[in-house]
Protein chains: 2
Amino acid sequence: MKVTRTQIVDRAYDLLRDHGLSSLSMRRVALDLGVQPGALYYHVANKQELLAVVAARVLEDFPASATDPRSAAEAFRTALLRVRDGAEVVSFVQAYRPEIVTPTATLHRLFSTRLGPRHADWAARTVVHYVLGFVAEEQNRAELVHAGVVEEAPSDAGKPDEAFLFGVDAILNGLSSTRT
Amino acid sequence: MKVTRTQIVDRAYDLLRDHGLSSLSMRRVALDLGVQPGALYYHVANKQELLAVVAARVLEDFPASATDPRSAAEAFRTALLRVRDGAEVVSFVQAYRPEIVTPTATLHRLFSTRLGPRHADWAARTVVHYVLGFVAEEQNRAELVHAGVVEEAPSDAGKPDEAFLFGVDAILNGLSSTRT
DNA sequence: ACCTGAACACCGTTCAAGT
DNA sequence: ACCTGAACACCGTTCAAGT
């Protein structure tokens, strides 16, 4: 049985998107591809590296062409929500391989028109931290609801979009009154 | 060999604080207490519940007496940094048992003087998400550095405190120009 | 009431040996 | 070059049986 790196990444991505991080194991990927677990390590260094390239794929449909921070933040969240546990995976990869989290670079570019490179960096990371924190909470909650360990709170049923944008607008508002 | 719930929580907390989340296993706790793994389940429902009470202990030295959001955010971060992977654990527990994340309530109270309950809630959660996102990244990075899988970036050696406060101030700045 | 022993169903990773 | 077989060192959780 022959396997390619692409097949491994594809299968890992599909497992994550459809069944979440707890279902994404090396052994499960190997099983689905009809191969022994050890075979994967000829194409991929370890699980961390696999997660990094899966995270890159999650962020692939984030439009680098965003013209303003607000819509960049929205697009970032949308990309994360397309995949189960998307925020958690990207969050981990951010520490492991920061350059993979492309929204940071996009936001940095957008803030650079108004702020110096140092402040633009901090500003971009502020937005990224907020988005990852917000989406991580809503996805973690969704996983727990799905597992039946916690029931949907009435406040959740409310308007997550509205709450999300409230925070984004507050941050961008505060940043716009910052000078360099 | 007799074990109490308190001993279990104490040992779990110490393992997390000193060796991080990857070292905090039910089997390790049981081994350290000289008991079989199954014995723990007489005192604790499962690992999730154990993590929840450990998270509560992490937040114990967060002063509920904070008088302004800025120092509350700082105290929140300080409490998280005292324990390895503190942000990750609290992040998970936030979805599982939100009421355990006491800084949210404290911030809510502080914002309530200026904002209505709905906006005060969103404002508190914006700050909480930012703090958790920020600290999660710095702690994840620290774990990877400690494991030797990634080397310290020069930007990290910079001023995390300054970057942190930049974001906090931007958020609070933006929130203060919000009316209800 | 509380614990042991033992199992069930999993993990990530390595590596000699095969083709 | 690439994979198998098999192991190593782990996980969380359950549960009959013992005391």
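First the proteins, then the strands, lettered A, B, ... as listed; each starts at 1. Quick note: numbers below take in every heavy atom, side chains included, and nothing from hydrogens, waters or symmetry partners.
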Q | Short side-chain N/O contact from H43(A) to OP1 or OP2 of dC3(D), under 4.0 Å | A | yes

**Q.** Sequence-distant partners of R27(A), salt bridge (Lys or Arg N to Asp or Glu O under 4.0 Å), two or more places apart
**A.** none

Q. Partners of F62(A) by ring-ring contact (aromatic ring centres under 6.0 Å, His included), sequence neighbours excluded?
A. none

Let me check something: any side-chain donor-acceptor pairs from residues 52-60 of chain A under 3.5 Å, sequence neighbours excluded? List them with distances.
unit_1 : atom_1 : unit_2 : atom_2 : d
R57(A) : NH1    : D10(A) : OD1    : 2.4

**Q.** Spacing between M1(B) atom CE and dA1(C) atom C1', to the nearest angstrom
**A.** 18 Å

Between the protein and nucleotides 12-15 of chain D, list the N/O to N/O atom pairs that are separated by less than 3.5 angstrom.
unit_1  : atom_1 : unit_2 : atom_2 : d
dG12(D) : OP1    : M26(B) : N      : 3.1
dG12(D) : OP1    : K47(B) : NZ     : 2.9
dG12(D) : OP2    : M26(B) : N      : 3.0
dG12(D) : OP2    : R27(B) : N      : 3.3
dG12(D) : N7     : R27(B) : NH1    : 2.7
dG12(D) : O6     : R27(B) : NH1    : 2.7
dT13(D) : OP2    : Y41(B) : OH     : 2.6
dT13(D) : OP2    : K47(B) : N      : 3.0
dT13(D) : O5'    : Y41(B) : OH     : 3.3

Q) Taking CG from L40(B) and C1' from dT4(C), how many angstroms apart are they, rounded to a whole number? A) 13 Å

Q) With sequence neighbours left out, what residues match S22(B) under side chain to side chain contact (heavy atoms under 4.5 Å, CB included)? A) none

Taking N or O atoms only and anything under 3.5 Å, show me the protein contacts with nucleotides 16-19 of chain C, one pair per line.
none

Only distances under 3.5 Å count here; give the side-chain donor-acceptor pairs of residues 89-101 of chain A to other protein atoms, sequence neighbours excluded, each with its distance to 0.1 Å.
unit_1 : atom_1 : unit_2  : atom_2 : d
Q94(A) : NE2    : E137(B) : OE1    : 3.3

Q: Only counting residues at least two apart or in another chain, list the ones meeting side-chain hydrogen bond (donor to acceptor under 3.5 Å, both in side chains) with R109(B).
A: none

**Q.** Length of the line joining R5(A):CZ and dC3(D):C1', which is rounded to integer Å
**A.** 18 Å

Q.
Going by the rule ring-ring contact (aromatic ring centres under 6.0 Å, His included), which residues pair with Y13(B) if we only count those two or more places apart in sequence or in a different chain?
A. none

Q: Would you confirm whether H129(B), through its side chain, and R125(B), through its main-chain N or O, come within 3.5 Å as a donor-acceptor pair?
A: yes

Q. Closest to the Q36(B) side chain: dC3(C), dC3(D), dG5(C)?
A. dG5(C)

Q. What distance, rounded to whole Å, do you find between the two C1' atoms, one in dC2(C) and one in dA17(D)?
A. 13 Å

Q.
Applying salt bridge (Lys or Arg N to Asp or Glu O under 4.0 Å), can you list everything that pairs with D32(A), at least two apart in sequence or on another chain?
A. R11(A), R28(A)

**Q.** Check: H119(A) ring centroid to F111(A) ring centroid under 6.0 Å
**A.** no

(Q) What's the gap between dC10(C) and dA9(D) when it is taken at their P atoms, as a whole Å value? (A) 23 Å

Side chains of residues 77-88 of chain A: which donor-acceptor pairs under 3.5 Å do they make with residues two or more places apart or in other chains?
unit_1 : atom_1 : unit_2  : atom_2 : d
R77(A) : NE     : E138(A) : OE2    : 2.8
R77(A) : NH1    : D161(A) : OD1    : 3.3
R77(A) : NH2    : E138(A) : OE1    : 3.3
R77(A) : NH2    : E138(A) : OE2    : 3.3
R77(A) : NH2    : D161(A) : OD1    : 3.2
T78(A) : OG1    : E74(A)  : O      : 2.8
R82(A) : NH1    : D61(A)  : OD2    : 3.3
R84(A) : NE     : E143(A) : OE2    : 2.9
R84(A) : NH1    : D18(A)  : O      : 3.0
R84(A) : NH2    : E143(A) : OE1    : 3.2
D85(A) : OD2    : L21(A)  : N      : 2.8

Q) For DNA chain D, which consecutive runs of 3 or more Watson-Crick or G-U pairs (each distance under 3.5 Å) count as stems? A) C:4-8 with D:12-16, C:12-16 with D:4-8

